[in-house]
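See below for the structure under consideration.
Letters A, B, ... mirror the listed sequences (proteins, then strands); counts begin at 1. Computed from heavy atoms alone, side chains included, the values below leave out hydrogens, waters and symmetry copies.
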2 protein chains.
Amino acid sequence: MALAEADQPLYEIKANLFKGLAHPVRIRILELLSAAPEVSVAEMLTDMGLEASHLSQHLSVLRRHRLVTSERRGSHVYYRWVSVHGAELLAAARLLLGDLLQSSAEQLQQAATLPPMGTSDVSTVAGGR
Amino acid sequence: MALAEADQPLYEIKANLFKGLAHPVRIRILELLSAAPEVSVAEMLTDMGLEASHLSQHLSVLRRHRLVTSERRGSHVYYRWVSVHGAELLAAARLLLGDLLQSSAEQLQQAATLPPMGTSDVSTVAGGR
DNA sequence: TGACGATTTGACGAACTCATCATATCAATA
DNA sequence: TATTGATATGATGAGTTCGTCAAATCGTCA
């Protein structure tokens, strides 16, 4: 695992990191972990209203991607971010999304103002999809 | 698109953002875009040694996720990050990975020092795959 | 207008991820 | 030791992404 990873270029490792983040439930988990030193599985279940095995599958993905660390104390298991920079990453994403959502709202506004068939320029969202 | 997105919780939007980042080629593209104001497709092709249609498929994903914006000038198309915070996000990921890779290296070192069957603790990578 | 360079899109099989249910495992306790 | 609460794992079908090749589109120029 860590051995195989030593041979990978950084962009592959980075992409792999983002794969671990690429699911709504996992984002919710990590947001909880960003707001507290550690969180128990039971707390997550209550907070998120998921079925235990569904949550556990996602926690397993996070463990596999080495984004979280787990610790069993009695019959309870606690999770935490594996790095202090985890919450920073989510915050950086929030900033980027702030821009995206803002420009998206601006475009919606423009679309409401414009005549039916607008500009021919390729740029931005218009080109997408 | 943007209409549908307005109804989504932020964690879903965030996860979708990370989906757009979850491929090595797309990371490489975005790293190039982080290092220059804009980059043409031709430059990317040269830099990355990909086939044109392969690159284009990935650029299409980035456009669909609204992470990049494109502009055609003559027969050349130029791409840029759609937000100044894009590069920051990649930098934040680099910090997180720095921690992960460091703790990974430390574990490799410990593994080399430890006897065959080590601790029973669930924590960290040992619990992962 | 046809040819050509640059880029995008379409299509399809393979691989991977996700959702969900059943089962197994772990720890505590009577 | 069996039971129970807490959590993890296994299995499987559906959905999505990826890799790759073929074809289409766009802009320029003779």
How would you label the contact of [X] with the nucleic acid (heavy atoms, under 4.0 Å): base, sugar-phosphate, or nothing?
{"X": "A:Ala52", "result": "base"}
{"X": "B:His54", "result": "base"}
{"X": "A:Tyr78", "result": "nothing"}
{"X": "A:Arg26", "result": "sugar-phosphate"}

Assess whether one donor atom and one acceptor atom, taken from the side chain of [X] and the base of [N], lie less than 3.5 Å apart.
{"X": "B:Glu51", "N": "D:dT20", "result": "no"}
{"X": "A:Ser53", "N": "C:dC21", "result": "yes"}
{"X": "A:Gln57", "N": "C:dT20", "result": "yes"}

Out of D:dA8, C:dT9, C:dT7, which nucleotide sits closest to the side chain of A:Val77?
-> D:dA8
Listed nucleotide nearest any side-chain atom of B:Ser56, set C:dG5, C:dT7, D:dA8 | C:dT7
What residue pairs, at least two apart or across chains, pass ring-ring contact (aromatic ring centres under 6.0 Å, His included) with a residue in residues 17-47 of chain A?
-> A:Phe18-B:Phe18, A:His23-A:His58
Between [X] ([atom1]) and [N] ([atom2]), how many Å, whole number?
{"X": "B:Glu12", "N": "C:dC18", "atom1": "CD", "atom2": "C1'", "value": "13 Å"}
{"X": "A:Leu62", "N": "C:dT17", "atom1": "CG", "atom2": "P", "value": "13 Å"}
{"X": "B:His23", "N": "D:dT20", "atom1": "NE2", "atom2": "C1'", "value": "12 Å"}
{"X": "A:His58", "N": "D:dT7", "atom1": "NE2", "atom2": "P", "value": "17 Å"}
{"X": "B:Leu45", "N": "C:dT7", "atom1": "CG", "atom2": "P", "value": "7 Å"}
{"X": "A:His65", "N": "C:dC18", "atom1": "NE2", "atom2": "P", "value": "8 Å"}
{"X": "B:Leu50", "N": "D:dC21", "atom1": "CG", "atom2": "P", "value": "13 Å"}
{"X": "B:Leu55", "N": "D:dG19", "atom1": "CG", "atom2": "P", "value": "13 Å"}

Whichever of A:Glu43 and B:Arg73 has its nearest DNA chain D nucleotide further upstream toward 5' | A:Glu43
For [Y], does its backbone N or O pair with a side-chain atom of [X] as donor and acceptor, under 3.5 Å?
{"X": "A:Ser60", "Y": "A:Ser56", "value": "no"}
{"X": "B:Arg26", "Y": "B:Gly20", "value": "yes"}
{"X": "A:His85", "Y": "B:Ala92", "value": "no"}
{"X": "B:Glu43", "Y": "B:Ser40", "value": "yes"}

Comparing B:Leu59 and A:Lys19 on DNA chain C - which has the more 5′ nearest nucleotide = B:Leu59
May I ask you to verify if any side-chain N or O of B:Arg64 is less than 4.0 angstrom from the OP1 or OP2 atom of C:dT9?
-> no
Can you tell me if the side-chain N/O atoms of B:His76 get under 4.0 Å from OP1 or OP2 in D:dG27?
-> no
